[in-house]
Protein chains: 2
Amino acid sequence: MQSYTEENYLKIIYHLSVISNPVQTNAIAERIQTKAASVTDMLKKLADKALVDYTKYQGVNLTQKGKLAAINIVRRHRLWEVFLVEKLNFKWDEVHDVAEELEHIKSNLLVERLNEFLDFPKVDPHGDPIPDKDGNFESLGFVKINQLKDNESGTIMGVSEHSTAFLKHLEKLGLILGKTIKLIEISAFDSSAELLVDQQYINISKELAKHILIKKLV
Amino acid sequence: MQSYTEENYLKIIYHLSVISNPVQTNAIAERIQTKAASVTDMLKKLADKALVDYTKYQGVNLTQKGKLAAINIVRRHRLWEVFLVEKLNFKWDEVHDVAEELEHIKSNLLVERLNEFLDFPKVDPHGDPIPDKDGNFESLGFVKINQLKDNESGTIMGVSEHSTAFLKHLEKLGLILGKTIKLIEISAFDSSAELLVDQQYINISKELAKHILIKKLV
DNA sequence: TTTATAATTTAGACAAATCTAAAAATTAAA
DNA sequence: TTTAATTTTTAGATTTGTCTAAATTATAAA
Ligand SMILES: [Mn+2]
Ligand SMILES: [Mn+2]
Ligand SMILES: [Mn+2]
Ligand SMILES: [Mn+2]
């Protein structure tokens with residue numbers, strides 16, 4: 001079994017390894033709000049436990065064992081987020097911090113019963129896929145708004161940023177999961193995106209656009 | 001805010017102070033599965049935080065502040081137990097350990113929403129009262145089976161022991177919450193109790209009887 | 001290819017919570 | 001009321017996770 005802290009490291013390494021491989025010490029330090037020296041210490045410990053492959057100065061990769069452990073934490077995090085939104089009426093921008101704590105509760109029975117109680121959800125409130133017990137989940141293959149071509153339409157399926165500020169802002173613009181949008185054009189000046197949403201034209205920054213995941217209409 | 005560990009100490013001290021006042025170092029050590037020396041260290045820390053009144057060699061009492069904190073943890077513990085039984089179909093002997101972890105999740109919003117979701121329960125699955133937000137709850141004034149007089153009847157309202165072995169045993173005997181029983185007599189030989197339950201006569205040990213809480217029939 | 005910059009690791013220290021062994025205080029027994 | 005037993009506290013160490021400052025290694029620039 002891993003400690004609360006070890007679990008957090010594993011999860012962060014997992015998320016970062018989607019972006020870069022291997023994962024660098026500083027990247028972890030920044031995400032986990034700690035110093036690089038602390039990260040190094042922990043990487044050695046995780047390597048001792050065979051949860052990561054670690055080579056000095058070269059960064060880390062999760063081992064199969066580490067990856068499974070990480071995905072399991074992600075599974076619990078996302079199931080709890082569904083619970084908070086669906087059952088306790090949390091808003092999608094209120095769930096993350098609480099889920100950060102709930103994800104560490106150690107009880108397989110609890111997770112399986114929760115999954116059943118929630119009727120086996122496939123995605124969390126931010127559109128992220130929920131892995132099954134064995135760590136498998138479909139990669140959903142969405143594209144970001146700023147990757148659409150002019151005049152392409154699609155449905156908002158998820159977000160790649162979980163901060164309250166971001167999520168509240170999205171909601172205010174009516175850009176919630178399930179909404180269909182059409183990209184009119186990307187500005188040549190500031191890369192902002194002009195969208196058609198609910199028969200209205202709105203303009204959103206690239207910062208915003210790049211965190212909104214779209215399923216293209218066929 | 002208190003740490004996970006501090007919260008556990010506060011809760012144990014609270015439960016023990018019902019039995020004896022002040023609470024002794026060894027009693028805490030036994031309950032918390034640690035050594036007396038560790039308890040002494042923690043008592044000093046809790047005293048520094050004004051959560052307990054502590055005099056060397058004399059034991060501790062909770063301060064008002066400490067008592068409120070303790071009751072709040074008890075409140076969360078019992079609400080989560082209700083959730084596990086009512087919503088996730090846990091049995092009453094399966095909930096305690098998970099609730100021990102869940103009670104430490106820090107979010108007032110979570111607790112209040114959970115309370116609402118559970119429809120403001122007054123007692124937990126073991127019949128223990130759930131304090132309100134301000135720490136108030138009715139003392140329910142139940143008596144233990146071995147305190148009944150011969151031929152007195154009553155309803156099982158709770159238990160004062162939470163171990164799986166105890167609860168499973170009770171259930172096998174049909175002694176669940178809400179059941180009405182009649183005490184026929186206490187044996188002069190071994191203090192065991194003869195009961196009438198469901199038109200059947202059964203005999204239970206004093207060990208069992210003293211942990212079953214009864215509301216007398218008027 | 002040397003030099004400068006950035007990233008990473010070591011060394012040494014610290015706080016929280018725990019432990020063992022020994023000392024001190026309290027309580028019970030003689 | 002002195003002695004013995006019990007309870008509690010101190011002293012000193014250990015583990016986990018963290019930190020700062022200094023030393024290494026790797027990478028980018030000249
Ligand atoms: Mn989240
Ligand atoms: Mn999420
Ligand atoms: Mn319990
Ligand atoms: Mn209970």
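Chain identifiers are assigned alphabetically (A, B, ...) following the order of the sequence lines, protein sequences preceding nucleic acid strands; residue numbering begins at 1 within each chain.
Open room surrounds NZ on A:Lys133; 12 or fewer heavy atoms of other groups in view lie less than 6.0 Å from it. Dense packing is recorded around NZ of A:Lys106, with more than 12 heavy atoms of other residues, nucleotides or ligands lying under 6.0 Å away. In this structure, A:Lys91 places its NZ atom where only 12 or fewer heavy-atom neighbours from other residues, nucleotides or ligands lie under 6.0 Å away. Within 6.0 Å of atom CG in A:Asp48, more than 12 heavy atoms from other residues, nucleotides or ligands are found, so the atom counts as buried in its surroundings.
A donor and an acceptor atom sit less than 3.5 Å apart, one in the side chain of A:Tyr57 and one in the base of D:dT24.
Comparing D:dA11, D:dT18, C:dT9 against the side chain of A:Thr40 picks out C:dT9 as the nearest. For B:Gln58, whose side chain is taken as the heavy atoms from C-beta onward, the closest listed nucleotide among C:dT18, D:dT18, C:dT26 is C:dT26. Checked against C:dT18, D:dT10, D:dC19, the side chain of B:Met42 finds its nearest nucleotide in C:dT18.
Contacts between residues 21-36 of chain A and DNA chain D, defined by a heavy-atom separation under 4.0 Å, are made by A:Thr34, A:Lys35. Against DNA chain C, the stretch residues 4-13 of chain A makes no heavy-atom approach under 4.0 Å.
Between A:Asp48 atom CG and D:dT15 atom C1' there is a gap of 14 Å when expressed in whole angstrom units. Atom P of nucleotide D:dA11 and atom CG of B:Asp41 are separated by 11 Å, given to the nearest angstrom. Atom C1' of nucleotide D:dT18 and atom CG of A:Leu43 are separated by 14 Å, given to the nearest angstrom.
For the pairing with B:Leu88, the side chain to side chain contact (heavy atoms under 4.5 Å, CB included) check across A:Glu116, A:Glu112, A:Arg113 returns one residue only, A:Arg113. The side-chain hydrogen bond (donor to acceptor under 3.5 Å, both in side chains) with B:Trp92 is formed by just one residue from the set B:Glu81, B:Glu171, B:His126; it is B:Glu171.
One finds no side-chain N or O of B:Lys44 lying less than 4.0 angstrom from the OP1 or OP2 phosphate oxygen of D:dT9.
Between A:Phe83 and A:Phe117, the angle of the ring planes lies from 30° to 60°, which puts this pair in the tilted group.
Legend: residues meeting ring-ring contact (aromatic ring centres under 6.0 Å, His included) with B:Tyr4, ordered by chain and number and at least two apart, are B:His104.
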Full working for side chain to side chain donor-acceptor pair (under 3.5 Å) between A:His162 and A:Asp128: CA-CA 11 Å; A:His162 289 180; A:Asp128 293 310; 3.1 Å; yes
